[in-house]
Undergrad: 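Below you will find the structure I want to go over with you.
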Amino acid sequence: VSATCTLYSNGAEFLTGINKHRYDLAIVDILMPGISGFDILTRLGSSAGDIPIIIYSQKTRRDDVIRALSLGAKQYLVKPQKPEVVVQKAIELLHGKI
């Protein structure tokens, strides 16, 4: 499996980038400078369904997980995880196993 990754340092850069490029998957944190992961999910709205989004965050409150999933996230992973776990979840999501 090979992949090309684009890293963004904040939510605003991500939103700009997602409008310029086509991505198969996005991994987004809730806690970011400026625009939060919740804000990103809200702004993407129904178009979030076009790009599967994995939330990868330190926030563990049940309400935060439910909110992210209800806003369109396909998966919620709590930090820290081994890189292999994140990659495996991404592969499963891309291959429709989640």
Side-chain angles (χ1 to χ4, degrees):
V1 176
S2 67
T4 300
C5 298
T6 305
L7 301 175
Y8 295 100
S9 61
N10 60 56
E13 284 182 12
F14 171 77
L15 287 173
T16 299
I18 207 159
N19 288 321
K20 293 180 180 179
H21 307 284
R22 185 192 177 299
Y23 295 107
D24 295 320
L25 174 82
I27 300 174
V28 177
D29 198 344
I30 295 296
L31 303 171
M32 295 185 291
I35 299 172
S36 74
F38 292 130
D39 294 333
I40 286 172
L41 289 168
T42 300
R43 289 186 187 191
L44 290 176
S46 61
S47 67
D50 298 337
I51 305 162
I53 296 176
I54 296 174
I55 296 295
Y56 185 47
S57 181
Q58 292 178 342
K59 293 182 77 62
T60 60
R61 286 187 32 223
R62 184 175 189 265
D63 292 347
D64 294 325
V65 175
I66 291 170
R67 181 176 175 198
L69 295 173
S70 69
L71 289 171
K74 299 296 183 197
Q75 190 72 200
Y76 195 105
L77 297 175
V78 176
K79 289 180 181 179
Q81 294 285 335
K82 291 181 179 179
E84 307 86 62
V85 172
V86 178
V87 169
Q88 184 60 42
K89 288 295 178 187
I91 290 169
E92 289 172 4
L93 190 57
L94 288 170
H95 291 303
K97 295 180 182 176
I98 293 180

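Because the structure is predicted, anything quoted here is derived from the model rather than measured.
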Undergrad: Determine, using the 4.5 Å side-chain heavy-atom cutoff (strictly less than), whether Val78 and Met32 are members of one ILVMFWY cluster.
TA: yes

Undergrad: Test Ile55 against every option in Ile27, Leu41, Leu69, Leu77 by the side-chain contact (heavy atoms from CB on, under 4.5 Å) rule and name the one that passes.
TA: Leu41

Undergrad: Might you point out which heavy atoms bring Leu25 and Ala90 nearest each other, and give the distance in Å?
TA: CD2-CB, 3.3 Å

Undergrad: Measure the shortest side-chain to side-chain distance between Tyr56 and Lys89 over non-hydrogen atoms and say whether it is less than 4.5 angstrom.
TA: no

Undergrad: Between Pro52 and Asp24, which heavy-atom pair has the shortest distance, and what is it?
TA: CD-O, 3.1 Å

Undergrad: Calculate, to the nearest 0.5 Å, the distance between atoms CZ and CD1 belonging to Arg62 and Ile66 respectively.
TA: 4.0 Å

Undergrad: Report yes if some heavy atom in the side chain of Leu44 is under 4.5 Å from a heavy atom in the side chain of Ile18; otherwise report no.
TA: yes

Undergrad: To the nearest 0.5 Å, what is the distance between CG (Asp39) and CD1 (Ile30)?
TA: 9.0 Å

Undergrad: Looking at OG1 of Thr16 and NE2 of His21, how far apart are the two atoms once the value is rounded to the nearest 0.5 Å?
TA: 10.0 Å

Undergrad: What is the distance from atom CD of Glu13 to atom OG1 of Thr6, rounded to the nearest 0.5 Å?
TA: 11.5 Å

Undergrad: Test side-chain hydrogen bond (donor to acceptor under 3.5 Å, both in side chains) on Gln88 and Glu92 and set out the steps.
TA: CA-CA 6 Å; Gln88 184 60 42; Glu92 289 172 4; 3.3 Å; yes

Undergrad: Near Gln58 CD, under 6.0 Å, is it more than 12 heavy atoms from other residues, nucleotides or ligands?
TA: no

Undergrad: Flag the pair Tyr8 / Leu15 as yes when at least one side-chain heavy-atom distance between them is below 4.5 Å, and no otherwise.
TA: no

Undergrad: So, Tyr76 side chain and Asp64 main chain: donor-acceptor pair closer than 3.5 Å or not?
TA: no

Undergrad: What I'd like to find out is whether the side chain of Asp29 reaches to under 4.5 Å of the side chain of Phe14, using heavy atoms alone.
TA: no

Undergrad: Could you see if Leu31 belongs to whatever hydrophobic cluster contains Ile40? Use Ile, Leu, Val, Met, Phe, Trp, Tyr and a side-chain cutoff under 4.5 Å.
TA: yes

